[in-house]
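Here's the structure we're looking at; comments come further down.
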Amino acid sequence: MPAHIMRRKPNRSTDKSAMASAPSRVENARRDLLNRVGEFFEKNELNVTGSNLAVVCNALSGSNVELAEAFVARDISGEPIDQRWLDTVTRLDPGTITRSNDLERLMDEIEYTMVRFAQSAVSAQSETSEHREALNTEIRSIESGGQSEGFAQFGQVIDLARAMVRRIEQVEQAMARSQTETDSLRQSLAKARSEADVDHLTRLPNRRAFERRFTHAVEESRKLGRPLSVAFCDVDHFKSVNDTHGHEAGDRVLVSIAATLCDCAGDQCFVARHGGEEFLILFYGLDKDAAQLKLESIRIKQAAKTLMNRVTGKPFGKITFSAGIAEITHGTDPRAALGRADAALYTAKETGRNKIVAA
């Protein structure tokens, strides 16, 4: 056979070497990413939470190009990559609302499936009940002529019919139990759905509930041509409250602030806890200036209060909050308003706290 068309024998040692090195490269890459993630959290003093891990891993691995570019730009600017900035990045991530919508659709599908199952169970139970009654009627009819000639030959058939009736009764009982369990599952799903929208400490709507309400409010604002504004509120010097009085006392402060915001905001507003010591407010039908006036009156009322630690009897002193507010203008990305409000909040914090800054 000509040399130029002879098949080359595979170099088995080379193949084995390649196979052995491939997993090691994967393992090394994985280990390197884990090391970089750990170092990143330590360097920037970030809390190790599920959401933070997801954002940092997506950025450092390059799986989310936009996040990676945002991290690089932030690093080049020399500005801190703190929790506030991470929260802002997450808020501006379109995937946040997409994942929330996906979860809603999944729960809708689960509920629809349970409803259809319950309907099928009721229908089947009705049909089996009719068949059982028909069989019982036939059995009674045959048994009523028990002394007639040739009855003995029906004995085995009657026994089979009775066995079938018993089996049908068992099936009906099983379906009844299934229906009861399905009703219980539906109630559990409704409760889980409700609880998933509530912050367990303050009992305010949580971030998930805000995301859904935000989307609806924007659509309604554009449809009706009414203004819509949003504000980020952050408790001032909250870390010192925790350090001085303990986390349980800090929780009570958050509950008090939540009550103030909720009571003073009124029906025109939607108040939610975003996380930590930060709250969100949607102002329906109010432009930026009107919303700022309303929020300023709430800030003044809160600043006038002197809170007391009921456990120790020591005063917390004056607990104030800062806020950034922005109007969601038509023809622009509504989520960009969240970024502007957050930037305004950062300005309020940097320029003295206990103030409202409009974007």
- Query: Looking only at atom types and distance, does a side-chain atom of S221 sit under 3.5 Å from a main-chain N or O of R226, one as donor and one as acceptor?
  - Reply: yes
- State whether the side chain of S63 and the backbone N or O of A59 hold a donor-acceptor pair below 3.5 Å, judged by distance alone. no
- Message: When you measure from the side chain of T244 to the backbone of V241, do you find a donor-acceptor pair of N or O atoms at a distance under 3.5 Å?
- Response: no
- Task: Answer yes if F71 and V48 sit in the same cluster of Ile, Leu, Val, Met, Phe, Trp and Tyr residues linked by side chain heavy atoms under 4.5 Å apart, and no otherwise.
- Result: yes
- Salt bridge present between E296 and R299 (N-O < 4.0 angstrom): yes
- So, R207 and D199, do they make that salt bridge, N to O below 4.0 Å? no
- Task: Report yes if some heavy atom in the side chain of L53 is under 4.5 Å from a heavy atom in the side chain of V37; otherwise report no.
- Result: yes
- Task: Give the minimum heavy-atom separation between A344 and G324, together with the two atoms involved.
- Result: CB-CA, 3.7 Å
- Item | CD1-OG1 distance between I257 and T202, expressed to the nearest 0.5 angstrom | 11.5 Å
- Are Y284 and L228 close enough that some pair of their side-chain heavy atoms sits under 4.5 Å apart? yes
- Task: Take I356 and S322 through the side-chain contact (heavy atoms from CB on, under 4.5 Å) test and state the conclusion after the steps.
- Result: CA-CA 6 Å; I356 314 296; S322 302; over 6 Å; no
- Taking the side chain as every heavy atom from C-beta outward, state whether V230 and F270 have any pair of such atoms under 4.5 Å apart. no
- Message: Using a strict threshold of under 4.0 Å (side-chain N to carboxylate O), is an ion pair present between E27 and R30?
- Response: yes
- Item | Donor + acceptor pair across side chains of K355, T320 (<3.5 Å) | no
- Query: Would you say F238 and L204 are hydrophobically clustered, going by side-chain heavy atoms of ILVMFWY under 4.5 Å?
  - Reply: yes
- Task: For this output row, return yes or no: ring centroids of F210 and H274 closer than 6.0 angstrom.
- Result: no
- Query: Among the clusters formed by ILVMFWY side chains lying less than 4.5 Å apart, do V253 and I298 turn up in the same one?
  - Reply: yes
- Please assess K301 against C264 for the test side-chain contact (heavy atoms from CB on, under 4.5 Å), listing each intermediate value before the final yes or no. CA-CA 9 Å; K301 289 178 182 178; C264 297; 3.9 Å; yes
- Query: Looking at side-chain heavy atoms only, is the closest gap between L282 and C269 below 4.5 Å?
  - Reply: no
- Around atom CE of M308, are there more than 12 heavy atoms of other residues, nucleotides or ligands at under 6.0 Å? yes
- CG/L201 to CZ/R252 distance, rounded to the nearest 0.5 angstrom? 11.0 Å
- Task: Please determine if D234 and R353 form a salt bridge, counting it only when a charged side-chain N lies under 4.0 Å from a carboxylate O.
- Result: no
- In Å and rounded to the nearest 0.5 Å, what is the CG to SG distance from N52 to C57? 10.5 Å
- For atom CD of E248, is the number of surrounding heavy atoms from other residues, nucleotides or ligands below 6.0 Å larger than 12? no
- Centres of the F321 and F279 rings: under 6.0 Å? no
- Query: Between NZ of K43 and CD1 of I81, what distance do you get to the nearest 0.5 Å?
  - Reply: 7.0 Å
- Verify, without hydrogens or angle tests, whether N44 (side chain) and F40 (backbone) share a donor-acceptor contact under 3.5 angstrom. yes
- Test item: side-chain donor near acceptor, N28 and R25, under 3.5 Å: no
- Quick one: does Q292's side chain get under 4.5 Å of S229's, heavy atoms only? no
- Query: Stepwise, does the side-chain contact (heavy atoms from CB on, under 4.5 Å) test hold for L295 with I281?
  - Reply: CA-CA 9 Å; L295 190 55; I281 306 178; 3.8 Å; yes
- Can you find a heavy atom in the side chain of L307 that is under 4.5 Å from one in the side chain of K318? no
- Message: So F214 and L280, do their side chains get closer than 4.5 Å, heavy atoms only?
- Response: no
- Message: If hydrophobic clusters are built from ILVMFWY residues whose side chains come within less than 4.5 Å, do V235 and F316 share one?
- Response: yes
- Under a single-linkage definition using a 4.5 Å side-chain heavy-atom cutoff for Ile, Leu, Val, Met, Phe, Trp and Tyr, are Y346 and L46 assigned to the same hydrophobic cluster? no
- Message: If we ignore hydrogens and angles and just use 3.5 Å, is the side chain of N58 paired with the main-chain N or O of A54 as donor and acceptor?
- Response: yes
- Side chain R222, main chain A217, donor-acceptor under 3.5 Å: no
- Message: Any side-chain to backbone donor/acceptor pair from Q302 onto I319? Under 3.5 Å, distance only.
- Response: yes
- Task: Give the C-alpha distance, both sets of side-chain angles, the deciding distance and a yes or no for side-chain contact (heavy atoms from CB on, under 4.5 Å) between V255 and R203.
- Result: CA-CA 8 Å; V255 171; R203 305 310 297 176; over 6 Å; no
- Message: What's the separation between atom NZ in K294 and atom CD1 in I325, rounded to the nearest 0.5 Å?
- Response: 11.0 Å
- For R36 and L60, indicate whether the former's side chain and the latter's backbone hold a donor-acceptor pair under 3.5 Å. yes
- Task: Check for a donor-acceptor pair, side chain of N35 on one end and backbone N or O of R31 on the other, with a separation under 3.5 Å.
- Result: yes
- Task: Taking the side chain as every heavy atom from C-beta outward, state whether K288 and P227 have any pair of such atoms under 4.5 Å apart.
- Result: no
- Spacing of D197 atom CG and R208 atom CZ [to the nearest 0.5 Å]: 4.5 Å
